Amino acid sequence: MTGHEVVDHARSLLGRSFRGHGVTLRITEVEAYGGVNDPASHAFSRTARSEIMYGEPWRLYVYRSYGMHLCLNVVTGPTEQAAAVLVRSGEVLEGRELARLRRGPTVADANLARGPGNLARSLGATMDDLGTYLLDGEAVWLGPAAATAPDITAGPRVGVSKAADVPWRFWITGDPTVSAYRRSPRAP
DNA sequence: CCAAAGATCGTG
DNA sequence: ACGATCTTTGGG
């Protein structure tokens with residue numbers, strides 16, 4: 001599988017700030033998806049849904065998961081590769097009350113944006129955010145990269161049935177906001 | 001047209 | 001281990 005540029009992008013997103021609709025977090029967990037050469041990537045098949053990944057980098061790919069969650073991805077390019085990075089977890093830094101309003105009163109701070117569905121919800125994302133350019137300070141945007149590189153651990157991606165052992169999930173070592181690993185029941 | 005599979009999450 | 005919930009996808 002080619003396309004390890006996306007791995008560099010994934011790692012550099014760790015520690016970077018990510019803001020959505022009034023809530024800012026620090027990204028603690030991501031997964032790289034290689035696009036046309038990665039059987040686990042939605043862009044492995046070029047369809048209406050994955051078309052955004054064949055476009056301009058630094059745009060937001062939003063998709064609905066299991067009919068009830070949204071997941072947020074940063075399209076990283078190059079365009080012919082259609083690669084993207086799934087933002088899986090973060091530590092809420094600003095707008096905690098708003099995040100709690102969206103997630104519910106009983107959720108612990110560390111769990112507000114723990115896991116991709118929860119993260120999208122804490123940021124107040126909707127399908128209307130699909131295609132947002134992430135470097136222009138719009139409703140959803142990426143802040144500057146981390147000042148110092150965090151300590152990173154790698155492992156297999158969560159929930160994928162194809163290429164289930166490719167270690168393209170990256171997280172900040174020891175961070176309490178990182179989600180638990182769950183292997184797909186369909187993975188060989 | 002229909003069936004099945006999801007880049008999930010909370011509960012038990 | 002299981003169910004909620006529904007869109008997208010691929011096969012016939």
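Residue numbers start from 1 in every chain, and the chains themselves are labelled A, B, ... in the order their sequence lines are given, proteins ahead of strands. The structure presented is a predicted model; accordingly, all values stated were derived computationally and were not measured.
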**Message:** Base contacts versus sugar-phosphate-only contacts with protein, heavy atoms under 4.0 Å: please encode nucleotides 2-12 of chain B as B, S and - from 5' to 3'.
**Reply:** ---SBBBBB--

**Prompt:** So among A:Trp168, A:Tyr33, A:Phe170, A:Trp58, which one has a ring-ring contact (aromatic ring centres under 6.0 Å, His included) with A:His9?
**Reply:** A:Trp58

Below 4.0 angstrom, N of the basic side chain to O of the carboxylate: do [X] and [Y] qualify?
X        : Y        : answer
A:Asp109 : A:Arg100 : yes
A:Arg59  : A:Asp129 : no
A:Asp175 : A:Arg26  : yes

**Message:** Under the salt bridge (charged side-chain N to carboxylate O under 4.0 Å, His left out) test against A:Glu29, which residue among A:Arg157, A:Arg11, A:Arg88 passes?
**Reply:** A:Arg88

**Prompt:** In the structure shown, which nucleotide is the Watson-Crick or G-U wobble counterpart of C:dT5, with both distances under 3.5 Å?
**Reply:** none

**Complete:** Between CG of A:Leu70 and P of C:dT7 the distance, given in whole Å, is 12 Å

